[in-house]
Amino acid sequence: MTKKINLFANLKSDFASGLVVFLVALPLCLGIAMASGAPLFSGIISGVIGGIVVGFLSKSHISVSGPAAGLTAIILTAITDFGAFDIFLTAVLIAGVMQLALGYIKAGSISNYFPTNVIEGMLAGIGVIIILKQLPHAFGYDADFEGDQSFVQSNGDNTFSSLFEVFNQFQLGAIVVTVVSLIILISWDKVPFLKKLKLIPGALIAVISGIVLNEIFIISGSSLAISNEHLVSLPIPTSFDELKSIVVTPNFSGFLNPQVWVVGLTIAIVASIETLLCIEASDRMDEHKRYTDTNVELKAQGVGNILSALLGGLPMTSVVVRSSANNNAGAKSKMSTIIHGVLLLLSVLAIPVILNKIPLATLATILILVGYKLAKPATFMHFWEKGKYQFIPFIATLIAVVTTDLLKGVLLGIVISIIFILKGNLKRAYSFKKKEYVDGDIIHIDLAQEVSFLNKAAIKSTLNDIPENSKVVINAHDTVYIAHDILDLIREFKETRAVDENIKVKLKGFKKAYDLANSPDTINHVTFEHYYDVAKREMVKKEVFKEVFQE
């Protein structure tokens with residue numbers, strides 16, 4: 001029986017965290033839409049649907065969905081190629097249907113194979129990106145759009161060159177706002193009586209303080225006044241007809257364009273992988289260690305993208321930055337995600353003028369602290385202490401995420417992890433009781449639980465080094481998986497070289513493995529069955545196996 005979840009059980013903490021996520025999400029939705037070459041409100045529409053609809057359908061407690069920076073290049077290229085935003089929306093609709101199908105075929109299960117150190121490396125990498133990307137905004141240099149995570153920026157700069165450009169184009173007013181915001185945010189986490197004010201998040205106080213400070217600068221005619229290009233820039237509809245024009249519907253003639261289907265497939269794959277990575281990361285951040293049904297998540301994302309396309313919104317994914325901000329703000333359930341979506345909807349309709357007074361420097365400060373919590377020095381030390389096989393994939397993922405993109409960084413980390421696993425398996429395929437042997441010694445070779453074709457070269461080399469007139473015991477008592485290549489190798493060694501060089505070979509445990517292989521429960525899982533398949537094809541009777549591999 002499914003346990004019913006009371007969304008209102010933690011309304012106090014969820015409302016506060018939803019408010020923080022709203023403040024973080026607003027400039028990101030606008031910035032990503034701008035970078036994608038799409039209407040600005042398309043980012044808001046995606047954020048609203050990601051919050052309310054996906055938030056309601058998802059089983060995740062803290063992840064937040066919305067337009068993702070990782071899709072900007074795909075979106076910009078597609079809109080440019082199609083020459084029309086409404087045709088692009090058809091591709092988003094196709095992507096949503098494909099994601100829905102992926103959820104039904106349980107493709108979300110692949111998230112179980114993401115290594116922990118790679119996920120942590122991805123989180124730390126995103127944390128570093130946030131810090132590096134938001135520092136220019138904190139100093140009043142806003143050449144790049146909010147939410148950009150790419151190393152090479154659209155303005156020709158890269159993540160590091162933008163930092164140096166700050167020295168030439170900083171704004172004193174923005175720096176003052178950043179310092180005040182930073183003091184407020186740190187104090188809200190450290191000062192005991194302020195920590196008790198859970199309903200009023202420090203991020204809201206920082207935003208209000210930023211607005212008030214800048215208004216004082218403007219009224220007093222101070223040179224510290226922050227100009228409009230350094231403030232949130234939300235379009236303000238002046239009439240009902242203008243408001244209705246915001247909603248763009250898909251041009252269904254796009255279904256006849258094969259390229260639209262290619263873009264739809266690309267978005268579906270990239271968005272699904274980014275979502276699964278974020279869900280895995282969100283579950284790791286969750287202090288209650290609750291696990292999300294990733295197949296349900298793909299279905300929720302599919303429904304979200306279908307609705308977003310029908311209403312003129314950008315494609316969405318579950319997003320690490322917003323999810324991390326949600327978790328850090330103390331979210332207890334997915335109600336905070338829904339609240340953030342509702343706040344996005346209400347604010348852009350009711351108070352866009354006030355929102356446009358928010359300094360980007362304040363929002364940058366909030367994001368910098370989010371980034372720091374993702375890339376804390378303690379995380380680096382944790383993986384350093386775990387040894388090189390954990391630290392190297394972690395740090396490689398981090399560096400690649402910062403210098404390339406999220407998917408390439410994770411792929412590199414997984415490849416390195418697999419190499420380390422294979423290397424470890426090569427070493428653990430068998431063990432010796434002694435390191436060196438002389439004539440007359442009994443040589444013990446104990447096979448591991450699993451011995452694959454990857455171990456063939458090492459075992460072959462070992463068997464070749466066994467001296468003449470030796471006694472060797474090959475023990476397979478603990479082995480439940482052994483490749484037929486290895487079985488052939490051992491059989492050939494016993495029947496040929498061992499006979500020629502007077503090497504006495506005793507095989508232990510192979511009959512037990514033979515019986516295990518032929519039991520109804522395991523016959524499909526043990527590779528002795530493969531050996532028999534090969535034997536049949538070569539017209540060799542099974543008795544050969546029994547004769548060679550007897551106790």
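All values below were derived from every heavy atom in this structure, side-chain atoms included, with hydrogens, water molecules and symmetry-related copies excluded. All values derive from a computational prediction rather than experimental measurement.
Between the side chains of T159 and K133, at least one donor N or O sits under 3.5 Å from an acceptor N or O. Side-chain polar atoms of S336 and N326 form a donor-acceptor pair below 3.5 angstrom. Judged purely by distance below 3.5 Å, without hydrogens or angles, the side chains of Q99 and N305 pair a donor atom with an acceptor atom. In this model, no donor atom of one side chain and acceptor atom of the other lie less than 3.5 Å apart for T379 and E120.
Under the 3.5 Å distance criterion, the side-chain polar atoms of S308 are left unmatched by any main-chain donor or acceptor of G304. For the pair S36 (side chain) and A38 (backbone), a donor-acceptor distance under 3.5 Å is absent. Judged purely by atom type and a 3.5 angstrom limit, H340 uses its side chain to pair as donor or acceptor with the backbone of T337. Side chain of T77 to backbone of I74: no donor-acceptor contact under 3.5 angstrom is found. Judged by distance alone, the side chain of S323 and the main-chain N or O of V64 form a donor-acceptor pair under 3.5 Å. Side-chain atoms of N356 come within 3.5 Å of backbone atoms of L234 as a donor-acceptor pair (strictly under, hydrogens ignored). The backbone N or O of S318 sits less than 3.5 Å from a side-chain atom of T275, completing a donor-acceptor pair. The closest donor-acceptor contact from the side chain of S46 to the backbone of S42 lies at 3.5 Å or more, if one exists at all. S324 contributes no side-chain N or O that, together with a main-chain N or O of V320, makes up a donor-acceptor pair within less than 3.5 Å. At distances below 3.5 Å, at least one donor-acceptor pair connects side-chain atoms of T365 with backbone N or O atoms of A361.
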inquiry  = Quick one, F151 with F160, criterion ring pair (Phe, Tyr, Trp, His ring centres under 6.0 Å). Give me CA distance, side-chain angles, the key distance, then yes/no.
reply    = CA-CA 8 Å; F151 183 73; F160 297 119; 5.6 Å; yes
L412 and T397: CA distance, side-chain angles, deciding distance, side-chain contact (heavy atoms from CB on, under 4.5 Å) verdict = CA-CA 6 Å; L412 176 64; T397 302; 6.0 Å; no
query = Can E297 and K59 be said to form a salt bridge (Lys or Arg N to Asp or Glu O under 4.0 Å), step by step?
reply = CA-CA 7 Å; E297 184 65 30; K59 297 296 183 182; over 6 Å; no
message = For a side-chain contact (heavy atoms from CB on, under 4.5 Å) check, start with the C-alpha distance between V342 and I52, then their side-chain angles and the critical distance, and finish with the verdict.
response = CA-CA 7 Å; V342 172; I52 299 175; 3.9 Å; yes
message = If you apply the rule side chain to side chain donor-acceptor pair (under 3.5 Å), what do you find for T292 with D283, and how did you get there?
response = CA-CA 7 Å; T292 302; D283 286 350; 2.9 Å; yes
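In this structure, F394 has its ring center under 6.0 Å from that of F380.
The two residues V152 and S150 make their nearest non-hydrogen contact at O-OG, 3.1 Å. Between K332 and R290 the shortest heavy-atom distance is O-NH1, 2.9 Å. Annotation for F88 and A78: closest pair CD1-CB, 3.7 Å, computed over non-hydrogen atoms.
The closest side-chain heavy-atom distance from I94 to F255 is below 4.5 Å. No side-chain heavy atom of V370 sits under 4.5 Å from any side-chain heavy atom of Y372. Using a 4.5 Å heavy-atom cutoff, the side chains of S233 and L30 are not in contact. When side chains are defined from C-beta on, L71 counts as touching T317, because their heavy atoms get closer than 4.5 Å. Counting heavy atoms from C-beta outward, K299 and V303 have side chains that stay 4.5 Å or more apart. By the 4.5 Å heavy-atom criterion applied to side chains, T249 and D86 are not counted as neighbours.
In this structure, F164 and F167 have tilted ring planes: the angle between them lies in the 30° to 60° band.
Other residues, nucleotides and ligands place more than 12 heavy atoms under 6.0 Å from the CZ atom of F217.
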